[in-house]
Amino acid sequence: MSSVVIHRDAQAAAVAVAADIAAIIRERNRAGRAAVLGLATGSTPLPLYRELVRLHREENLSFAHVVTFNLDEYEGLPADHPQSYRHYMEQNLFSQVDIPRASTHVPDGMTGDPAAACGAFEKAIADAGGLDLQVLGIGRTGHIGFNEPPSAKDTRTRRVALDDVTRKDNSVFFGDVASVPRAALTMGVATILEARRIELLAFGSGKAGIVRRARNESPNAGCPATWLQLHPACTFHLDPASSGQA
Ligand code: F6R
């Protein structure tokens, strides 16, 4: 079962999720183990990353022993491309905290062998001991990561074609839809569901319809976020608008 918390606004949600992440990092540090975090990109987690950077600067939260795995990367974008998700993570988190780059993993959108790269990504997650916590956004197609409909519950990290709705939504970052890559590498639904804890963030009225579907439809491949209902510790962090209350 997934649970829902409706926060006052996106900032309040970001503070709450950052506090959960900080607690996991500190608890793991005390136990002498690395915290393994699954991370998302896009507009939604930006306030979360700002809050994590603040905790690092002002409250001594160290990322020195944190290991991260990002959900996805566009195919064909090099790491230094301004719209690549590696670049996004560098800008918004990695360069602003003390995480060793070798501890950060983003699927390689430039690989010549996607199947091998995706297999290695899965193995790296397993070798790290699995994801302690996965941060998610949700796309208007119902995608989590870039698991576009239809995405089955047993899907693993793989190359996927991006939905036209997603390419149009993400064209705001690229200037025009033609510049948005047609494919990506994404962590699979099964990989996401294996995280010990999942925190999904969704803000604004534009997400209200898909959040309603994700929570109310029976789990199905046509709305991949519905699979989250099967997870024992998944929380939807909403604002009044995405919850349908505003
Ligand atoms: C990003 C990702 C996507 C986004 C989703 C929402 O790494 O995997 O699933 O979370 O497309 O994007 P925003 O937050 O820009 O609305």
Side-chain angles (χ1 to χ4, degrees), residues 9-11 13-14 17 37-51 68-75 77 79 81-94 104-109 118 121 125 131 133-149 151 155-175 177 180-193 195 198-211 213-214 223-228 234-239 241-242:
D9 54 23
Q11 177 60 20
V17 175
L37 304 178
L39 300 177
T41 58
S43 311
T44 308
L46 287 171
L48 169 64
Y49 296 138
R50 278 196 292 272
E51 175 63 8
T68 65
F69 291 89
N70 266 81
L71 285 166
D72 39 21
E73 180 61 282
Y74 289 112
E75 184 177 74
L77 298 195
H81 188 286
Q83 298 311 330
S84 80
Y85 285 164
R86 164 59 76 176
H87 185 261
Y88 170 108
M89 290 310 302
E90 286 294 334
Q91 293 278 109
N92 293 302
L93 185 66
F94 300 157
T104 68
H105 305 81
V106 181
D108 177 8
C118 291
F121 192 82
I125 295 174
L131 300 165
L133 182 148
Q134 176 67 55
V135 176
L136 293 177
I138 182 170
R140 289 193 307 133
T141 60
H143 71 216
I144 46 174
F146 273 145
N147 292 286
E148 300 283 21
S151 282
T155 49
R156 289 285 167 186
T157 304
R158 68 201 185 289
R159 180 181 183 275
V160 288
L162 293 175
D163 195 286
D164 285 345
V165 172
T166 301
R167 292 185 65 240
K168 188 161 168 292
D169 282 351
N170 290 5
S171 67
V172 292
F173 304 108
F174 286 83
V177 74
V180 182
R182 294 183 176 277
L185 304 186
T186 184
M187 216 186 260
V189 173
T191 324
I192 292 170
L193 290 176
I198 297 177
E199 313 270 17
L200 181 144
L201 291 81
F203 309 128
S205 57
K207 297 285 172 79
I210 197 63
V211 164
R213 285 186 62 196
C223 181
T226 55
W227 296 122
L228 298 171
C234 170
T235 304
F236 278 49
H237 295 271
L238 307 177
D239 65 0
S242 64

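First listed ligand is number 1; within each ligand, the first listed atom is number 1.
Annotation: R140, atom CZ; neighbour count of heavy atoms from other residues, nucleotides and ligands within 6.0 Å does not exceed 12.
For the pair E73 and R86, the salt-bridge criterion is not met [side-chain N within less than 4.0 Å of a carboxylate O].
Looking at S242 and D239, their side chains do bring a donor and an acceptor atom within 3.5 Å of each other. Side-chain contact, R158 with S151: a donor N or O sits under 3.5 Å from an acceptor N or O.
For the atom pair Q11 CD and E51 CD, the distance stands at 6.5 Å (nearest 0.5 Å).
Of the candidates Y88, F174, F173, F174 is the only one forming a ring pair (Phe, Tyr, Trp, His ring centres under 6.0 Å) with Y74.
Closer than 4.0 angstrom to ligand 1 by heavy atom are A40, T41, G42, S43, T44, L71, D72, G137, I138, G139, H143, G145, K207, sorted by chain and number.
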